[in-house]
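Take a look at the structure below.
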Amino acid sequence: MPVDENGGRPPAASTPLARDFFDRLAHEVAPDLLGRVLVHGPVALRITEVEAYGVPGEDPASHTYRGRTPRNAVMFGPPGHLYVYFTYGMHFCANLTCLPEGVGSGVLLRAGEVISGAETALARRSAGSGRPVREADLARGPARLAVALGLAREHNGLDACGPGSLSVTEGEPAKAASILSGPRTGVSSGKETPWRFWIDGDPTVSPHRPHVPRRR
DNA sequence: CTAGAGATGGACT
DNA sequence: GTCCATCTCTAGG
């Protein structure tokens, strides 16, 4: 039995966008990002793995589950913006908002293949850490991706579609036949939803790790 | 290869 | 106080 997931109180009231509706949107919008190219300064990467995070009261794993806060405000904003959050006391992870303003959702950028600016990405990933970084590992995992791309706190809210330092380009969208889906990585709830999408066989896709509760 | 634990800060109960 | 949408290193098979 899981511990009470909501502090003894019911989740925030559902929006009109019910779980099944979000589910349909997630299965269109999130995988559509696969194969597209994200450019930030000198580094460009081809997105190979994403996860959808859903709406208040419907997705217990989402930062928006309990409603809007200063931290998750960007997820309630218009689509095409970056939601960058700080976690585990040392990592940043980046999401793109993809659904209409007010919905409260995002797509976590979990992994990518660096296709230009590899030297910059390598320098960033190697900084402070000893061992050599394999090319396929440059952006393999959400926190690594953020480092490789040079994304941090100051990029929260950045417009990824307008004139800015970040942009999502068409790239070559992954063919549907090469896209697989499954449970999300490292989440302690909402395990049943197959909202992780990745390009089958791509070496830059991160290994799936189930959530492990902290001890002591 | 797998399993376990430390790092480290902030959002939230 | 507790829990992280993680990463890296170490020990062991």
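Here is the naming used below: chain letters follow the sequence lines, and residue numbers restart at 1 for every chain. Computation of the quantities below employed the complete heavy-atom set of this structure, encompassing side-chain atoms and omitting hydrogens, waters and symmetry-equivalent molecules.
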**Message:** Checking contacts here: which listed nucleotide (dC4(C), dA5(C), dT6(C)) is nearest the side-chain heavy atoms of Asn95(A)?
**Reply:** dA5(C)
**Residue pairs fulfilling ring pair (Phe, Tyr, Trp, His ring centres under 6.0 Å) with at least one residue in residues 101-140 of chain A, sequence neighbours excluded** = none
**Message:** Only Watson-Crick and G-U wobble pairs, only distances under 3.5 Å, only runs of 3 or more: what stems does that leave for DNA chain B?
**Reply:** B:1-7 with C:6-12, B:9-12 with C:1-4
**Message:** How many whole angstroms separate atom NE2 of His208(A) from atom P of dT6(C)?
**Reply:** 11 Å
**Request:** Could you name each residue pair satisfying salt bridge (charged side-chain N to carboxylate O under 4.0 Å, His left out) that touches residues 193-203 of chain A, not counting sequence neighbours?
**Result:** Arg46(A)-Asp202(A), Glu49(A)-Arg196(A)
**Message:** Test: side-chain hydrogen bond (donor to acceptor under 3.5 Å, both in side chains). Region: residues 75-101 of chain A. Which pairs qualify, not counting sequence neighbours?
**Reply:** His63(A)-Tyr83(A)
**Message:** Hydrogens and angles aside, do Asp23(A) and Trp195(A) bring a side-chain donor and acceptor to less than 3.5 Å of each other?
**Reply:** yes
**Prompt:** What is the distance, rounded to the nearest whole Å, between atom CZ of Arg184(A) and atom P of dA5(C)?
**Reply:** 10 Å
**Item:** Any residue meeting salt bridge (Lys or Arg N to Asp or Glu O under 4.0 Å) with Asp137(A), in chain and number order, not counting sequence neighbours
**Value:** Arg134(A), Arg140(A)
So which protein N/O to nucleotides 8-12 of chain B N/O distances come out below 3.5 Å?
unit_1: dT8(B); atom_1: O2; unit_2: Tyr88(A); atom_2: O; d: 2.4
unit_1: dG9(B); atom_1: N2; unit_2: Tyr88(A); atom_2: N; d: 3.3
unit_1: dG9(B); atom_1: N2; unit_2: Gly89(A); atom_2: N; d: 3.4
unit_1: dG9(B); atom_1: N3; unit_2: Gly89(A); atom_2: N; d: 3.3
unit_1: dC12(B); atom_1: OP1; unit_2: Thr69(A); atom_2: OG1; d: 2.8

**Fellow cluster residues of Val37(A), listed by chain then number, with links counted only when side-chain atoms sit under 4.5 Å apart** = Val39(A), Ile115(A)
**Complete:** Scoring nucleotides 8-13 of chain C by protein non-hydrogen atoms under 4.0 Å (B base, S sugar-phosphate only, - none) yields SS----
**Prompt:** Could you give all pairs that pass the ring pair (Phe, Tyr, Trp, His ring centres under 6.0 Å) test and reach residues 105-147 of chain A, with sequence neighbours left out?
**Reply:** none
**Item:** Gap in Å between the two P atoms, one belonging to dA5(C) and one to dA3(B), rounded
**Value:** 22 Å
**Message:** Is any side-chain heavy atom of Val74(A) closer than 4.5 Å to one of Leu82(A)?
**Reply:** no
**Request:** Can you run down the side-chain hydrogen bond (donor to acceptor under 3.5 Å, both in side chains) pairs that involve residues 148-164 of chain A, sequence neighbours left out, and say none if there aren't any?
**Result:** none
**Item:** Nucleotide dC4(C), atom C1' - distance to NE2 of His91(A) in whole Å
**Value:** 11 Å
**Asked** Looking only at side-chain N and O atoms, does Arg196(A) come under 4.0 Å of OP1 or OP2 in dA5(C)?
**Response** no
**Prompt:** Roughly, in whole Å, what's the span from CZ in Arg124(A) to C1' in dC7(C)?
**Reply:** 19 Å
**Item:** Those residues that, when tested against Trp198(A), pass side-chain hydrogen bond (donor to acceptor under 3.5 Å, both in side chains) (two or more places apart)
**Value:** none
**Prompt:** salt bridge (Lys or Arg N to Asp or Glu O under 4.0 Å) with Arg124(A): which residues, sequence neighbours excluded?
**Reply:** none
